[in-house]
Amino acid sequence: MNAVEIEEAVSDLATAPFDPVEFPYAFLAAFGNKDTTLKRLRAGASNTSDVAGGVLQRSNIHVATCAAGQVDATLRALRESPKTAQAKAKFILATDGETLQAEDLFSDEPPIACNYTQFPDHFGFFLPLAGITTVKQIRESSFDIKATGRLNRLYVELLKDNPDWAKPARRPDMNHFMARLIFCFFAEDTDIFNGTGLFTATVDQMSERDSSNTHEVIGEMFRAMNTSVADRATAKLPRWADVFPYVNGGLFSGSTDVPRFSKIARTYLLNIGNLDWTKINPDIFGSMIQAVADDDERGALGMHYTSVPNILKVLNPLFLDDLRDQLEEAGDNGRKLLNLRNRMAKIRVFDPACGSGNFLVIAYKEMRAIEAEINRRRDEADRRTDIPLTNYRGIELRDFPAEIARLALIIAEYQCDVLYRGQKEALAEFLPLDAQNWITCGNALRLDWLSICPPTGTGVKLHGDDLFNTPIDQAQIDFENDGGETYICGNPPYKGTKNQTKEDKDELTRLLSPYTSRSGTLDYVCGWFVKAAEVARITNAEAAFVSTNSICQGGQVPVLWPILNKMGVQIKFAYTSFKWRNLASNNAGVTVIIVGISSRNYTERKLFDVTEADNAIYKSCSIIGPYLIPNHTVIVEGRTTPLSDITPMSLGNAPYDGGHLILTTDEIKNLGLNQTQRERWLKPLWGSTEVINGLSRYCIWIENPDLNEALSIPSIAERIEAVKSMRLASGDSGTRQMAARSHQFREMNFGRHNTIIVPIRSSENRPYLPVDLFKSQDRATNLSYALYDGPIMNLSIIASRMHLVWIAAVCGKLETRFSYSNKMGWHTFPINTLTEQNKFELTRCAHEILLAREAHYPATIAELYDPENMPDNLRRAHEANDEVLERIYIGRRFKNDTERLEKLFELYTKMTQSAGKPKKTKKKEAA
DNA sequence: GATCCGACATCAC
DNA sequence: GTGATGTCGGATC
């Protein structure tokens with residue numbers, strides 16, 4: 001159950017008649033306990049409560065109902081019960097159906113004491129019961145979750161009653177309608193409308209109980225809000241609608257058409273209106289509510305929205321920290337404070353993937369907080385804000401979030417005015433809303449950012465001799481000369497290469513065509529970085545985005561970063577990989593980075609690293625390279641042949657078999673082969689997991705001349721037939737062509753004497769990369785790389801610390817896992833020319849490593865290289881290997897990995913500059 | 001023909 | 001249901 005569902009269940013429980021016997025079970029059920037769990041509790045098997053009317057769920061809660069007036073005493077009994085501590089209950093709860101009290105025994109949260117019917121307001125308090133051990137934020141977002149759940153129900157109900165509004169053509173109307181409703185709920189609870197609850201009360205009183213004219217009543221109110229004072233006389237508004245103020249600002253213009261309401265929908269509406277909308281958090285609410293209009297995301301609580309801590313990771317280093325430093329520096333100096341305020345008034349914040357606007361809202365709120373402090377120090381606490389909401393601009397593809405983003409900013413402005421200036425001042429200037437629409441609904445990669453967020457500053461620096469002859473239409477814009485700054489921020493969509501639609505790809509290709517022909521290997525998110533760099537190139541704008549970490553790894557680096565660097569932008573600050581998390585019940589499975597880019601010169605740049613508990617530490621460095629490594633800007637281009645004197649490596653054999661050419665030991669038994677046949681037709685097969693965790697699979701391996709003989713074995717013929725149908729069914733023409741030789745893998749490579757196999761994916765926690773030596777019968781799959789019949793010396797290099805450091809730095813990753821690559825990591829590996837003596841010693845070291853492992857037979861690589869339990873002899877063998885190799889580089893051991901990488905980058909640069917440039921030079925990109 | 005990646009996939013605890 | 005750690009084959013060059 002997610003938070004929305006729990007809130008609904010808890011609310012239902014509170015409105016149902018109180019049943020002292022059933023309550024504990026119903027309460028647990030509301031927090032997602034399964035029937036079987038409850039059954040066991042009921043039967044007493046797992047209920048060890050020693051309090052009358054009590055139910056004790058291990059590690060969770062000790063709850064008891066009691067006679068009227070006994071809540072205090074019962075709670076005390078629960079608290080003092082030894083069973084509570086024994087069972088490690090997190091919560092105690094007592095209720096008599098009139099009042100309810102509860103305590104969180106493990107945290108500092110203040111206890112709850114409230115009327116029974118109000119306890120759903122505190123459902124966030126109990127969320128750990130549902131296994132939602134969230135940050136504090138969700139507890140503080142009870143209202144937003146509740147409102148989202150209710151609006152969700154209303155939205156679905158309205159679409160049911162108005163099927164035509166569910167169609168694409170009318171969805172924007174539906175979404176616009178919802179935005180208006182939310183505004184009205186907020187306005188009626190904050191005195192923006194004359195009289196508390198005016199909107200809901202009017203619907204309640206003026207519309208029929210059978211709901212037949214609800215839409216007309218709402219429509220008249222909307223019409224009033226779209227009628228200026230001057231036009232009121234001729235508008236012929238009914239008296240009850242005429243009391244609503246002129247709001248407009250785009251919100252109530254256009255069609256005031258209202259969907260029809262069923263009785264249920266009308267009840268939902270009244271119910272939502274009766275919530276206390278003053279508690280709305282515009283930053284988080286928007287993210288939740290946007291999911292309401294999204295059929296796929298509904299109920300998922302905004303899977304892709306950015307949490308406030310993550311937004312601040314972007315905004316603080318981008319510009320907020322600088323403002324705060326300046327505030328600190330200004331102290332009580334009135335002139336300096338004024339300068340800062342003037343500076344802030346001209347800052348534009350632009351989110352070209354703004355969703356429901358939470359980056360903009362947070363930026364706005366943080367800046368208002370700084371401004372309020374300035375005004376306090378200058379004794380101007382009542383001063384009207386100098387920060388125009390119109391400086392917060394966004395682009396959003398979907399119309400509903402775009403609506404919500406505008407609304408969220410309006411609400412944020414009002415709330416800030418109330419907070420810093422007082423209710424009266426806030427109200428005086430609130431209506432009518434500003435008619436300028438500063439959130440644009442459209443495709444950010446297609447729109448012209450400079451016309452949506454034109455720079456206000458002096459920083460225009462367009463040069464005729466720019467490296468790229470991209471026509472930038474806005475170059476002619478006559479930028480105002482008033483020293484304003486622009487900060488671009490956001491969390492644009494990441495789609496890898498496979499999740500992009502045809503349109504997405506075409507868009508990216510078009511956008512990148514002036515710079516590269518290799519846009520196909522870039523993530524969709526790169527479009528945002530390139531557009532931001534285009535803006536930064538001709539203005540003083542800086543940008544920072546949350547992004548998938550893959551744009552700073554492996555194959556994307558040599559495509560993306562030369563483009564950005566040539567446009568004159570460097571990394572201003574960055575956060576290295578951390579796991580994506582927000583309040584969604586199912587977090588998106590992605591590891592992200594944050595990258596800030598700028599064309600300004602900085603002597604200090606900050607490279608942040610997220611530690612446990614969401615804290616971050618940073619390293620100061622003079623420059624940050626595209627691999628997010630301090631002080632190295634080297635970009636490694638993949639190569640098909642080795643840069644150094646080492647054996648070429650190839651990808652293992654790709655099966656494309658639907659599992660039919662590959663067999664587990666169990667499946668081999670069912671094949672019905674005799675011993676001779678097994679040895680003839682089956683070969684041990686090695687991919688990542690097999691090398692790391694020990695052999696578990698075999699493959700059917702048939703060379704062409706032997707095909708007829710193999711086909712005479714029915715169980716093998718059957719499998720080949722299955723491969724054929726799998727390949728024919730593929731959408732890939734290459735795969736379909738392979739159906740003609742379905743007895744084989746795509747490649748049929750193996751070492752006549754031996755094969756060194758390197759797993760393609762492996763854990764980053766091991767002290768050395770996994771690699772092993774295999775015999776002539778062994779076969780490598782495409783989940784590993786293979787050196788066929790290469791000198792054993794190669795194994796010594798692959799197993800070295802030097803190589804691990806290189807792979808970790810320049811290869812792609814799966815999240816944070818190593819992702820080995822021959823082109824990116826092996827063929828690029830820089831090593832000095834080896835003497836015969838060097839080769840001899842390295843070979844000996846490789847053998848020593850293999851021997852050291854053998855002493856622990858049959859331990860697997862995973863066991864042997866467990867970072868906690870690596871056997872001493874094996875560690876010594878690796879130390880000796882590292883010693884020999886590192887002496888070849890610098891005549892001694894390296895002090896640490898930083899020093900290793902430094903040397904490797906230095907040598908790589910030297911070797912690629914002198915000779916052996918990769919075959920695919922950047923001749924196209926130079927044009 | 002060969003590489004490389006996954007707003008992931010799936011196992012084990 | 002969360003942490004640990006690597007499948008598989010399509011898309012790309």
Side-chain angles (χ1 to χ4, degrees), chain A residues 1 32 130-133 296-297 300 302-306 491-500 502 505 509 516-525 546-551 553-556 559 579-582 584-592 638-640 648-659 662 687-693 697 726-727 729-738 745-749 759-766 770 781-786 811-827 862 866-867 919-920 924:
Chain A
M1 281 173 100
I132 304 181
T133 49
D296 297 329
E297 273 196 46
M303 179 160 156
H304 293 156
Y305 102 89
T306 319
N491 177 19
Y494 343 134
K495 302 189 176 185
T497 48
K498 272 188 240 182
N499 291 328
Q500 292 183 46
K502 174 93 171 49
K505 286 196 189 282
T509 306
T516 181
S517 55
R518 291 196 283 173
S519 63
T521 59
L522 293 180
D523 193 296
Y524 195 49
V525 73
V546 185
S547 163
T548 170
N549 59 358
S550 65
I551 69 159
Q553 293 168 352
Q556 293 196 48
V559 183
K579 241 186 178 338
W580 175 263
R581 291 214 180 283
N582 61 23
S585 45
N586 300 315
N587 273 303
V590 66
T591 301
V592 295
R639 306 170 49 100
T640 46
M649 185 184 277
S650 40
L651 188 67
N653 307 288
Y656 288 85
D657 69 331
I662 298 176
S688 289
T689 193
E690 288 82 11
V691 174
I692 292 167
N693 298 312
R697 298 201 293 179
M726 174 269 172
R727 288 183 181 172
S730 167
D732 184 84
S733 66
T735 308
R736 284 198 303 276
Q737 276 176 30
M738 284 193 293
F745 283 36
R746 187 178 58 186
E747 298 84 11
M748 292 292 281
N749 300 324
I760 196 160
R761 290 286 163 46
S762 67
S763 166
E764 71 277 30
N765 295 321
R766 299 189 183 103
T781 77
N782 63 335
L783 300 174
S784 63
Y785 283 92
C811 279
K813 302 251 170 67
L814 179 54
E815 296 203 323
T816 48
R817 234 81 348 99
F818 295 139
S819 197
Y820 200 89
S821 156
N822 57 347
K823 275 178 73 183
M824 300 298 310
W826 177 247
H827 295 160
D866 178 340
K919 279 189 183 139
K920 278 190 181 173
K924 270 186 187 163

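Residue numbers start from 1 in every chain, and the chains themselves are labelled A, B, ... in the order their sequence lines are given, proteins ahead of strands.
- Counting non-hydrogen atoms under 4.0 angstrom, Arg697(A) reaches the backbone sugars and phosphates but no base.
- Listed by chain and residue number, Arg761(A) satisfy the side chain to side chain contact (heavy atoms under 4.5 Å, CB included) test with Ser819(A) (two or more places apart in sequence, or in another chain).
- Lys495(A) places none of its side-chain heavy atoms less than 4.5 Å from the side chain of Thr548(A).
- Taking side-chain N and O atoms only, Tyr785(A) has a distance below 4.0 Å to OP1 or OP2 of dC4(B).
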> So what does the secondary structure string of DNA chain B come out as, 5' to 3', with Watson-Crick or wobble pairs under 3.5 angstrom, [ ] for crossing and | for pairs with another strand?
Replying inline: ||||||.||||||

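- Remark: Glu764(A) engages Thr816(A), Arg817(A), Phe818(A) in a side chain to side chain contact (heavy atoms under 4.5 Å, CB included) (not counting sequence neighbours).
- When the C1' atom of dA4(C) is taken as reference, atom CD of Glu764(A) falls 9 Å away, rounded to whole Å.
- Separating the C1' atom of dC8(B) from that of dC4(B) is a span of 15 Å, rounded to the nearest Å.
- The phosphate of dG6(C) (OP1 or OP2) has no side-chain N or O of Ser688(A) nearer than 4.0 angstrom.
- When the side chain to side chain contact (heavy atoms under 4.5 Å, CB included) test is applied to Leu783(A), the partners found at least two apart in sequence or on another chain are Ser688(A), Ile760(A), Thr781(A).
- At whole-Å resolution of the value, CD1 in Ile692(A) and P in dA4(C) are 16 Å apart.
- Minimum interatomic distance between Leu522(A) and Gln500(A) (heavy atoms only, all atoms of both residues): O-NE2, 3.2 Å.
- For dG6(B), the base has a donor-acceptor partner in the side chain of Arg761(A) [N/O atoms by modelled type, under 3.5 angstrom].
- Close to dA2(B), at under 4.0 Å from its OP1 or OP2, lies no side-chain N or O of Asn822(A).
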I'd like a list of close polar pairs between nucleotides 11-13 of chain B and the protein, N/O only, cut-off under 3.5 Å.
none

Interface polar pairs with nucleotides 9-12 of chain C, N/O, under 3.5 angstrom:
unit_1	atom_1	unit_2	atom_2	d
dG9(C)	N7	Asn782(A)	ND2	3.4
dG9(C)	N2	Lys498(A)	NZ	2.5
dG10(C)	OP1	Ser730(A)	OG	3.4
dG10(C)	OP2	Thr735(A)	OG1	3.0
dG10(C)	N7	Tyr656(A)	OH	2.8
dG10(C)	O6	Tyr656(A)	OH	3.2
dT12(C)	OP1	Lys505(A)	NZ	2.4

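- Residues forming a side-chain hydrogen bond (donor to acceptor under 3.5 Å, both in side chains) with Glu690(A) (at least two apart in sequence, or on another chain): Arg697(A).
- The residue Lys813(A) sits close only to the backbone: its heavy atoms come under 4.0 Å of sugar-phosphate atoms, none of a base.
- Atom-to-atom, CG of Leu651(A) to P of dT7(C) comes out at 12 Å; the value is rounded to the nearest Å.
- Here the separation of dA7(B) from dT3(B), taken at their P atoms, is 23 Å to the nearest Å.
- Among residues two or more places apart in sequence or in another chain, the side-chain hydrogen bond (donor to acceptor under 3.5 Å, both in side chains) test is passed with Thr689(A) by Asn693(A).
- Considering only residues two or more places apart in sequence or on other chains, Tyr524(A) meets the ring-ring contact (aromatic ring centres under 6.0 Å, His included) condition with Trp528(A).
- Under 4.0 angstrom from either OP1 or OP2 of dA7(B) there lies at least one side-chain N or O belonging to Asn499(A).
- The interatomic distance linking Asp866(A) (CG) with dA4(C) (C1') rounds to 12 Å, in whole Å.
- Partners of Gln556(A) under the side-chain hydrogen bond (donor to acceptor under 3.5 Å, both in side chains) rule, at least two apart in sequence or in another chain, are Ser550(A).
- Between the side chain of Asn765(A) and the backbone N or O of Pro867(A), no donor-acceptor pair lies under 3.5 Å.
- Within the 4.0 angstrom heavy-atom criterion, no nucleotide atom of any strand lies near Pro770(A).
- Between the CD1 atom of Ile760(A) and the C1' atom of dC4(B) there is a distance of 7 Å, given to the nearest Å.
- Arg766(A) has a side-chain polar atom (N or O) that falls below the 4.0 Å cut-off from OP1 or OP2 of dG6(C).
- Listed by chain and number, the residues in a side-chain hydrogen bond (donor to acceptor under 3.5 Å, both in side chains) with Lys502(A) are Asp506(A) (sequence neighbours excluded).
- For the pair Glu815(A) CD and dG3(C) P, the interatomic distance rounds to 12 Å; values are reported in whole Å.
- Between the side chains of Tyr494(A) and Asn491(A), a donor-acceptor pair is found at a separation under 3.5 Å.
- Legend: residues meeting ring-ring contact (aromatic ring centres under 6.0 Å, His included) with Phe745(A), ordered by chain and number and at least two apart, are Trp701(A).
- One can place CG of Asn653(A) at 15 Å from C1' of dC8(C), the figure rounded to the nearest angstrom.
- Residue-level contact check: Thr591(A) touches neither bases nor backbone, having no heavy atom under 4.0 Å from any strand.
- At the heavy-atom level, Asn491(A) lies under 4.0 Å from base atoms of the strands shown.
- Per the geometry, NZ belonging to Lys579(A) stands 12 Å off C1' belonging to dG6(B), to the nearest Å.
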